[in-house]
Amino acid sequence: MNLNTNLTVTTLATDLDGTLIPVHETPQQRAAVKHLGSLVEEHSLQLIFVTGRSFALTFEAITQFDLPHPASILCDVGSTMWHRRGDGSYEPDRDYEQALLDRMGRWTNASIQSALCERVEWLTPQDPRQQTPLKCSFDFPHRALSAVRESVAMWIVEFDCPLAFTISRDPETGDGLLDILPIDVNKGSAIHWWATRRSIDPASIVFAGDSGNDTAAMTSGVRAVLVGNADEQLRGETKDAMRDQQWLYLADGIGPEGVRDGLMYHLGRRG
Ligand SMILES: [Mg+2]
């Protein structure tokens, strides 16, 4: 049975860290990145990066790992969007930015930082380079995950904040990562904004990811790839949340090798 006979894939949307960026320094990982670049060209796909990184750190990764240049970069966990211009440079999407600022009401990055640091003892604000007017980010020890989740959720309800949060795990340090964003903003909503503006059917988008802040995108009506280095719990949760199991490819391959295998699955091609 082949699910792909009636559907064209138009877009590869991918997370970077733990997903498209090589997880290990091996020739196989590098080759998988190159192969993905070729598949994108061969099938005339739009390529978009959907990442927790800032725009500057995304560019560092593109250079460092020789990644293909995407049509758009949805960075800061979907709260900032940049599009490639004809000359190869990128410009921010100001309409998107304003729409999200309006949604935050009176809250700012600074007021969120001070309110939460006072209330939740485990939280440390991340480096200023990881902060934006639309994303407030903290680190915390992973053992405090339940306490952090509960405290932040209660704070949002208590103050009726037009905000939401995602929690994930730093693949390198194992620490917890907390991102506070305007309500209803995540990688999934950013992909849908991007697609709507281009009249692209979300069902024609393949999205690949590896961690908790990718779940919203994976389960938002796109085709999904979860790479092999995602933890077992996330694999189970994502599987349960998918409306159609055939729209999810649980890859064995690590990082870019998993993305490549998943894209080929959704394109209806075999190794
Ligand atoms: Mg990731």
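Every heavy atom of this structure was used, including side-chain atoms; hydrogens, water molecules and symmetry mates were not. This is a predicted model, so every value here is computed, not measured. Atoms within a ligand are numbered from 1 in the order they appear, just like the ligands themselves.
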Does a donor on one side chain and an acceptor on the other come within less than 3.5 Å for Ser137 and Asp179?
->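 Checked: Ser137/Asp179 side chains pair up, N/O donor to acceptor below 3.5 Å.
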
Quick one: do the Gln233 and Glu237 side chains pair a donor with an acceptor below 3.5 Å?
->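 Side chains of Gln233 and Glu237: pair found under 3.5 Å.
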
Exactly one of Leu234, Thr238, Asp15, Val225 clears side chain to side chain contact (heavy atoms under 4.5 Å, CB included) with Met218, and that residue is Thr238

Please list, one pair per line, the donor and acceptor atoms closer than 3.5 Å that link side chains of residues 62-76 to other protein atoms, with sequence neighbours excluded.
from  : atom 1 : to     : atom 2 : distance (Å)
Thr63 : OG1    : Phe59  : O      : 3.0
Asp66 : OD2    : Lys34  : NZ     : 3.1
Ser72 : OG     : His83  : ND1    : 2.8
Ser72 : OG     : Trp194 : NE1    : 2.9
Asp76 : OD2    : Thr80  : OG1    : 2.8

Shared ILVMFWY cluster between Val152 and Leu177, side chains joined below 4.5 angstrom?
->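 No; tracing contacts between hydrophobic side chains, which count when under 4.5 Å, never links both residues.
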
Salt bridge present between Arg169 and Asp175 (N-O < 4.0 angstrom) = no

Which N, O or S atoms belonging to the protein are less than 2.8 Å from the Mg ion (ligand 1)?
->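 Counting only protein N, O or S atoms under 2.8 Å from the Mg ion (ligand 1), the list reads Asp15 OD2, Asp17 O, Asp210 OD1.
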
